[in-house]
Number of protein chains: 4
Amino acid sequence: MAQTRAPRADAVRNRKKILDAAREQITAHGPDAGMDEIAAAAGVAVGTLYRHFPTKNDLVTAVIAEFLAQVAEAAEAARERHASGSRAVDEITGFLAYVTKETATNRAVKAAARTLGADPVGGDAEARAGAALATLIQAGQADGDIHQDVTVDDLYLLFNNVPTEEPPASRDRWLTLVLTGLTTHTRTT
Amino acid sequence: MAQTRAPRADAVRNRKKILDAAREQITAHGPDAGMDEIAAAAGVAVGTLYRHFPTKNDLVTAVIAEFLAQVAEAAEAARERHASGSRAVDEITGFLAYVTKETATNRAVKAAARTLGADPVGGDAEARAGAALATLIQAGQADGDIHQDVTVDDLYLLFNNVPTEEPPASRDRWLTLVLTGLTTHTRTT
Amino acid sequence: MAQTRAPRADAVRNRKKILDAAREQITAHGPDAGMDEIAAAAGVAVGTLYRHFPTKNDLVTAVIAEFLAQVAEAAEAARERHASGSRAVDEITGFLAYVTKETATNRAVKAAARTLGADPVGGDAEARAGAALATLIQAGQADGDIHQDVTVDDLYLLFNNVPTEEPPASRDRWLTLVLTGLTTHTRTT
Amino acid sequence: MAQTRAPRADAVRNRKKILDAAREQITAHGPDAGMDEIAAAAGVAVGTLYRHFPTKNDLVTAVIAEFLAQVAEAAEAARERHASGSRAVDEITGFLAYVTKETATNRAVKAAARTLGADPVGGDAEARAGAALATLIQAGQADGDIHQDVTVDDLYLLFNNVPTEEPPASRDRWLTLVLTGLTTHTRTT
DNA sequence: CATGAATGAGCGTTCATTCAT
DNA sequence: AATGAATGAACGCTCATTCAT
C-alpha cells in the first residue's frame, strides 16, 4: 500500500466542480435539473458525477449540507460578534434576515429538500448552529429582549418555513411579523 | 323544454371519484403522482380522467380550487360567528388554526401549487375569503386586539408559508409564535 | 312486420350528414381526422357515427366510394358528349383533367386510400367508368388520335398516381406530359 | 493530439442498425411505425434510438436523406457513363427505371415524406442529382432524342409521383407511358 | 478513474371503439 | 335508435441509472 499519491487532487477538484454546478443548476431550474445537465455544467461526464454521488438524492443532500454549513458559520459569526459586544437580539434578527434571504435565493434548495425523505442531512452543522444560537438566545433573554419561552427549536421551526416564493417586500414583512413573536418589544404602529 | 335528463349521474359521480382520488394521491405522493395512479385510485381508466380534466394541470388546479373554496367557507363562517357575537381576535385565531391544520394535512396541495405558474386558481374563493377576513381584522383592531398595521395580505403571507412537514406540536408552536406577531397581547411566559 | 315506417328518414339524413362531414374533415385535416371531430362536424354523437359505419375504415371507404361514383358519372357524361358528336380524344383529355383536379382537391381522399389495404372499394363505379372509357378509347383509336396500345387500365394507372401535393401549374404540366404518352400527337416545342 | 479514440465504434454500429431498422419498419408499416418497434427491430432500447435521433421526425428525415443520396449517386453515375460514350436518352431512361423501382420498394419512404412539412431534407443530394440530370437532358436534346421543352423539374415531377402501390408490370407500363411523353420517339404498336 | 452510450420503466396524452343510459 | 361517457392500448418522449470501453 503505497501512500496515496497526488492523483486524488483531480477527484477533489471534480467533487467541488460538481457541487458548484449542482447548486447553480438546481437554483436555476429547480430540483428537476437533470443529472446530465448538472454533469455538463460541471464539465464532467455523468459517470463521473455518479462516482462521486451514487444517487441524485445524494447529490441534492450534499448541496443542502453545504448550505447548512454556511448557515452554521453565519450563526457562529453572530455569536462572535456578540462576544465582542453587540446586542444579542440584534444578532438574532440579523441571522434570521440572513437565513431568510439565502433560503429565498436558494429557493430550489428548499424545494429539493422536500423531495428527500427528511434525511439526517446536516452533519454537525445543525449542532454547531444550535450551540451558537442557544448562546445568543440566552443572552437575549438575560437582556430582557427575547421572550423567556423561545428556544433554538423555535428558530429552526421558523427558518424551515421561510417564504421562498414571495417578493422581497413580502419576505421583509414576514420577518417583521415573526420577530414580533420572538421579542418582547411590541411593534409601533 | 324537458329538464336535462339524468344520464349525467355517472359522469358526476366519476368527477367526484376522480377529484377525491386526486386529492388523496397528491397528498400521498406529491404533485408527481402519476395520472395512471390517480385514475386507478379513482377506479376509472385514464381516458375518463382526461375527459374530465384535459390536462394534469387542470386536475391539480381543480384540487387546489376545491381546497380554496373550503378555506373561503371557513372564513365566511368565522365572520358569521363574529356577527353573532364572538370576539374577532378569537375567530382569526381559530381560522389560522384551521388553515394551518388543513394545509398540513393537504401538504401536497401546497407542493402541487408550486408546479403551477401562480395561475389565478381560486375563482372567487380568494375574494370571498378576503372580504370575510377584512371584516374580522377591522373588528379586531377596533377591539384593540389586533395590531393596527395588520392586513389581509399578512394573513395570506403567513398561511402560504405554514409548516407542512412538522409534527402537530410544532405546528401549534408555530401558530403561537406568529399569532403573537399579529395581536397586541404579549405572551405570558 | 309492419311496413317500414317513416322514422327511417332520420337515419338516411344522418348518413348523409356524416358522409358530408367526413369528406370535409378528411379533406381539411387528412385521414387523421378524428372520429369525434367528424361526428361533431356532422352534428351527431360518435355512437351514431359508429351505428352507420362500424369502423373508421368503413367510413373512409364510403367517402372514397362516393368520390368514385362521381368519377364514373364524369366518365359517362364524357361518353354522352362524344355520342353527341365531340371528339373522343378531347373527352379523354377533359376527363383526365377533371380527375386530376378533383383528386388534388381531395388530396386527403387519396392519402386515406393509402391507409386501406387495397380493399375492393369501388362498387359498380369502376365498372361503369371502365365501360364509358373503353368506348372513348376505342373511338379515339379509330380516329387515329389515341395510341393503339392504350387501354382502360392505362388510364387507371395514371389517375391512381396523379400528383396531389404539387401546385396547379405542376399538375397541368404533368397532364401535358402523360397525355403525350397516350396520344399519337407529338408536342410542338 | 492523439486521434479520437475508438469507443465510437458501438455508436456508429448502432446508428447504422437503427437506420436500417427504420428503413425496414417504415417500408413495412408506413411512417406510423412506432419508435418502440423500430428500436426493437434495431436491437436497441428506445433511449438509444432517441440519443441518435432526438425526434421521430429526425429519424424519418434521415431515412429519406439516405434515399435521396442514393438517387443522387445514381444520377451522377448515369452522367459518368454518358461521358464515357453511352447515349443520353438511354441513361435518362435507365435512371427513371431505377428511381421507379427504388421508390416502389421504398414505398413508405414516399409516404413518410408526406408526414414532413416539405422540409429541405436532401442536403446537397437534390443539387447533385439536378446537375447530373441537366447535363443528360441537354445532351439528349442535342441528340434530338429528348423534347426541347423537357426540364429537370419534369423529371422530379414524374418521379415524385411514381406508382408505389402497383405491381411491377404496371410500373413498367407506367414508365413506358411517361417516357413517351419525354422523348421525341413515338411508340411502335 | 473518466467517459458517454445504452438502458428501460415511466410519463402525459390521444383516439378508435364499446356500452350503459 | 341516439347519446356521450368510459375504456385502455398505444404513442412519442424523458431521465435516473448502469456498464462497456
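Chain letters run A, B, ... following the sequence lines, proteins first, then strands; residues in each count from 1. Predicted model only: the values in this text are computed from it and were never measured.
With a cut-off of 3.5 Å on both pairing distances, the Watson-Crick and G-U wobble pairs of DNA chain E assemble into stems of 3 or more at E:2-21 with F:2-21.
To the nearest 0.5 angstrom, Lys56(A) atom NZ is 8.0 Å from Tyr50(A) atom OH.
The side-chain heavy atoms of Phe53(A) and Leu19(A), taken from C-beta on, include a pair separated by under 4.5 Å. Looking only at side-chain heavy atoms (C-beta outward), Glu102(A) and Val71(A) stay at 4.5 Å or farther from each other. Here the side chains of Val60(A) and Thr55(A) are not in contact, with every heavy-atom distance at 4.5 Å or above.
Taking atom CG on Asp32(D) and atom C1' on dC15(E), their separation rounds to 13 Å, with Å as the unit. If you take CG of Asn57(D) and C1' of dC13(F), they are 14 Å apart, rounded to a whole angstrom. With rounding to whole Å, Asp10(D) atom CG is found 8 Å from dT21(F) atom C1'. Atom CG of Leu59(D) is separated from atom P of dC13(F) by 10 Å (rounded to the nearest Å). Regarding Asp58(D), its CG atom lies at a distance of 13 Å from the C1' atom of dG12(F), rounded to whole Å. The NE2-P distance, from His52(B) to dG12(E), rounds to 18 Å in whole Å. Atom C1' of nucleotide dC11(F) and atom CG of Leu49(D) are separated by 14 Å, given to the nearest angstrom. Taking atom CZ of residue Arg13(B) and atom P of nucleotide dG4(F), one finds them 18 Å apart after rounding to whole Å.
If you find the closest nucleotide of DNA chain E to Ala33(B) and to Arg51(D), the one lying nearer the 5' end belongs to Arg51(D). In terms of position on DNA chain F, the residue among Thr48(B) and Pro54(D) whose nearest nucleotide sits closer to the 5' end is Thr48(B). Nearer the 5' end of DNA chain E, as judged by each residue's closest nucleotide, is the contact made by Lys56(B), out of Thr55(C) and Lys56(B).
When each of Arg23(B), Lys16(B), Arg15(B) is paired with Glu66(B), the salt bridge (Lys or Arg N to Asp or Glu O under 4.0 Å) condition holds for Arg23(B) and for no other.
A heavy atom closer than 4.0 Å to some atom of DNA chain F occurs in Val44(B), Ala45(B), Val46(B), these being the qualifying members of residues 34-46 of chain B.
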> Taking it one step at a time, do Leu59(C) and His52(C) satisfy side-chain contact (heavy atoms from CB on, under 4.5 Å)?
Replying inline: CA-CA 8 Å; Leu59(C) 177 58; His52(C) 288 277; over 6 Å; no
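Of all the heavy atoms in Phe67(A) and Thr103(A), the pair that sits closest is CZ-OG1, 3.9 Å.
Side chain of Lys17(C) to main chain of Val12(C): no donor-acceptor pair is present (N/O by atom type, distance under 3.5 Å, no hydrogens or angles).
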Donor-acceptor pairs are to be reported for all side-chain atoms of residues 32-46 of chain C against protein atoms at under 3.5 Å, with residues two or more places apart or in another chain.
none

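For Asn14(C) and dA1(F), the shortest distance from a side-chain N or O to OP1 or OP2 is not below 4.0 Å.
When the nucleotides dA2(E), dT17(F), dC13(F) are ranked by their closest atom to the side chain of Tyr50(A), dT17(F) comes out on top.
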